[in-house]
Amino acid sequence: MFPSRIWREKGQRYRLEAGKCRTCGYIAFPPRLVCPECGAVEFETIKLPDIGKLLTYTVIRVAPSQFTDEAPYAIGIAELPNGVKLTAQLVDCDVEKIKVGMDVRIEFRRIQTHDTHGVISYGYKFVPKWY
Amino acid sequence: MRDVAVVGIGMNKWGELWGKSFRDIFVEAALIAIKDAGVDKIDSMTIGCMTGGLFVGQEHLASMMADYLGYKHIPASRVESACASGGLAFRTAYIEVASGMSDIVLAGGVEKMTDVSGDGATYALATAADQEYEVFHGATFPGLYALMAVAHMEKYGTTRDMLSAVSVKNHKNGAKNPNAQYPFETTIEEVNNSVMVASPLRIMDCSPITDGAAAVILTTVDIAKKLGKPIIKVIGSGHATDTIALHSRKDLTTLAATKLAGERALKMAGKTIKDVDFAEVHDCFTIAEIIVSESLGIFPVGKGGEMAAKGESSLEGSFPINTSGGLKSKGHPVGATGIAQIYEIVKQLRGQAENGRQLKNNPKIGMAQNMGGSGGSSLVHILEVA
């Protein structure tokens with residue numbers, strides 16, 4: 001994977017930057033050029049909160065090649081206080097104790113190393129709050 | 001718009017077809033369909049294929065398939081909507097005939113998935129999800145449907161045994177289908193104890209990796225009458241899209257594109273779901289069949305699993321689903337699946353389904369629902385025997 005593809009997403013993966021529609025207030029993550037709710041095209045950049053509530057999760061045992069060393073690993077969808085939903089891995093926890101509805105913190109972590117160019121990608125993961 | 005009928009259907013046995021090439025798999029199915037229709041030529045062709053590029057390194061495949069079918073120079077195109085590519089090819093061909101642009105059109109679907117490793121297939125299929133915001137984090141397709149399954153279980157109390165009931169029922173039907181990849185029966189216990197892929201989904205909740213193709217011939221009802229074929233009329237076609245990222249949807253336990261595509265197809269047909277006798281639906285995972293059966297209005301919201309467990313979707317049930325064995329038992333060569341669903345609907349409406357899987361009481365109206373990715377696209381077609 002070429003570094004430019006990872007570099008482009010740095011605002012979202014490093015800083016949780018989203019676009020807030022100046023017309024209707026819809027928060028788009030990742031940012032978009034057109035608001036999916038009202039069709040407006042003017043956005044301001046905001047930072048997402050770093051907490052959320054887990055809506056659903058799964059423990060993946062058959063993993064893609066760049067994640068096989070981590071399997072079994074959990075991924076889930078969490079909803080942030082402003083309604084934005086994200087998919088990310090759940091880490092620093094016993095996967096058997098994960099429960100729908102639990103609070104999670106969103107932390108900056110290493111995600112994967114790409115084989116061809118050796119570039120390390122960073123981004124966000126969920127950490128259950130009771131840890 | 002002109003009235004359109006399906007006059008020919010073609011399919012071969014699906015499976016791990018090591019000895020057969022991508023092009024031969026398609027041509028074999030297409031030849032069967034052309035012969036079945038009794039036409040002496042086709043005017044045009046549309047093929048559904050998700051990713052010939054990633055599976056066999058071959059794009060530009062519509063021209064190649066037309067050439068190898070003996071139809072060099074005809075207009076031929078390939079359409080893509082992930083696992084719904086076949087359904088989209090059918091709709092595209094339907095519109096072409098209905099509009100008057102062409103009289104006899106072949107709609108096909110093909111995928112050759114076993115020339116890559118399991119990991120290669122996982123990568124290719126994952127291109128139907130959001131690369132930067134799902135796949136980047138380690139999501140897989142079983143993983144995304146597992147996220148829906150957990151949400152559905154939490155909200156509606158769907159159980160492990162209900163998921164397994166879908167697999168058991170589809171394998172029971174598939175065991176009667178000579179074209180099925182895995183024509184064996186299974187039990188709730190076997191499914192419950194099969195290898196975990198992405199909790200709660202086990203290997204026996206998942207459709208397999210398959211090589212296969214299917215083809216159908218569409219023409220006007222007027223030409224169909226001259227051919228002396230049973231008139232299986234296309235009375236509804238619905239197509240809808242949704243966000244491809246699962247997390248961007250308001251409700252994780254419903255499939256909005258499927259609901260909309262179903263409503264659009266029924267509205268066009270002037271029917272309600274109660275008028276439909278049976279359906280082929282996109283059971284890429286057991287939970288998918290449960291949610292689709294709710295989103296189409298076949299069963300009440302939240303009751304899809306319970307109805308499957310009660311046998312309501314079996315061959316003898318109140319609304320038979322996946323009489324062919326579905327994706328689970330028949331196989332899921334992604335681009336071909338939507339066309340193979342039409343194949344089964346036509347078989348049932350003609351009264352030609354093999355080995356005792358023919359529905360009793362002469363079904364009149366069948367529905368096919370084909371879905372892309374985690375539900376980011378969906379196509380619904382309704383066929384009626386005249």
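Letters go in sequence order (proteins before strands), and every chain restarts at 1.
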* Asked: More than 12 foreign heavy atoms under 6.0 Å from CD of A/Glu42: is that the case here?
  -> no

* Asked: How long is the span from the NE2 atom in B/His247 to the CG atom in A/Leu55, to the nearest 0.5 Å?
  -> 11.5 Å

* Might you confirm whether atom NZ of A/Lys85 has over 12 heavy atoms from other residues, nucleotides or ligands at distances under 6.0 Å? => yes

* Look at A/Gln12, A/Arg61, A/Glu70 and state which one has the largest set of heavy-atom pairs under 4.5 Å with chain B. => A/Arg61

* Asked: When you check the gap from the basic side-chain N to the acidic O, do A/Arg8 and B/Glu132 get nearer than 4.0 Å?
  -> no

* To do: Check the angle between the aromatic planes of A/Tyr124 and B/His137 and answer parallel, tilted or perpendicular using the 30° and 60° thresholds.
  => tilted

* **chain B interface, residue from A/Gly101, A/Ser65, A/Ala63 that has the most non-hydrogen pairs under 4.5 Å** => A/Ser65

* Please walk me through it: do B/Leu246 and A/Thr87 pass side-chain contact (heavy atoms from CB on, under 4.5 Å)? -> CA-CA 9 Å; B/Leu246 176 63; A/Thr87 299; 5.9 Å; no

* Structure fact -> Cut-off 4.5 Å, heavy atoms of chain A, and the answer for B/Val195 is neither

* Let me know if A/Ile111 has heavy atoms under 4.5 Å from chain B in its side chain, its backbone, both or neither. => side chain

* Find the distance between OG1 (A/Thr56) and CE (B/Met153) and round it off to the nearest 0.5 Å. => 10.5 Å

* **More than 12 heavy atoms of other groups within 6.0 Å of B/Asp251 CG** => yes

Sequence neighbours excluded and cut-off under 3.5 Å, please list the side-chain donor-acceptor pairs for residues 140-149 of chain B, or say none.
unit_1	atom_1	unit_2	atom_2	d
B/Thr140	OG1	B/Gly143	N	3.0
B/Tyr145	OH	B/Gly373	O	2.8

* Asked: Under a 4.5 Å heavy-atom cut-off, does chain A meet the side chain of B/Tyr123, its backbone, both or neither?
  -> neither

* Any B/Val150 side-chain heavy atom under 4.5 Å of A/Val100 side chain -> yes

* Asked: Please walk me through it: do B/Lys250 and A/Glu79 pass salt bridge (Lys or Arg N to Asp or Glu O under 4.0 Å)?
  -> CA-CA 11 Å; B/Lys250 288 193 172 71; A/Glu79 183 168 19; over 6 Å; no

* Asked: Under a 4.5 Å heavy-atom cut-off, does chain B meet the side chain of A/Ala88, its backbone, both or neither?
  -> both

* Structure fact -> dist B/Ser248:OG -> A/Phe29:CZ (nearest 0.5 Å) comes out at 10.0 Å

* Give, for atom CE of B/Met196 and atom CD1 of A/Ile60, the distance between the pair rounded to the nearest 0.5 Å. => 12.0 Å

* Asked: Among A/Glu9, A/Gln66, A/Gln89, who wins on heavy-atom pairs under 4.5 Å with chain B?
  -> A/Glu9

* To do: Kindly indicate whether a cation-pi arrangement holds for A/Arg5 with B/Phe136, taking the cut-offs as under 6.0 Å to the six-membered ring centre and within 45° of the axis.
  => no

* To do: May I ask you to decide if A/Pro64's main-chain N or O and B/Thr122's side chain share a donor-acceptor pair within less than 3.5 Å?
  => no

* To do: Specify the closest pair of heavy atoms between B/Gly138 and A/Tyr73, including all atoms of both residues, with the distance to one decimal.
  => O-OH, 2.6 Å

* To do: Can you establish whether the number of heavy atoms outside A/Ile120 located under 6.0 Å from its atom CD1 is more than 12?
  => yes

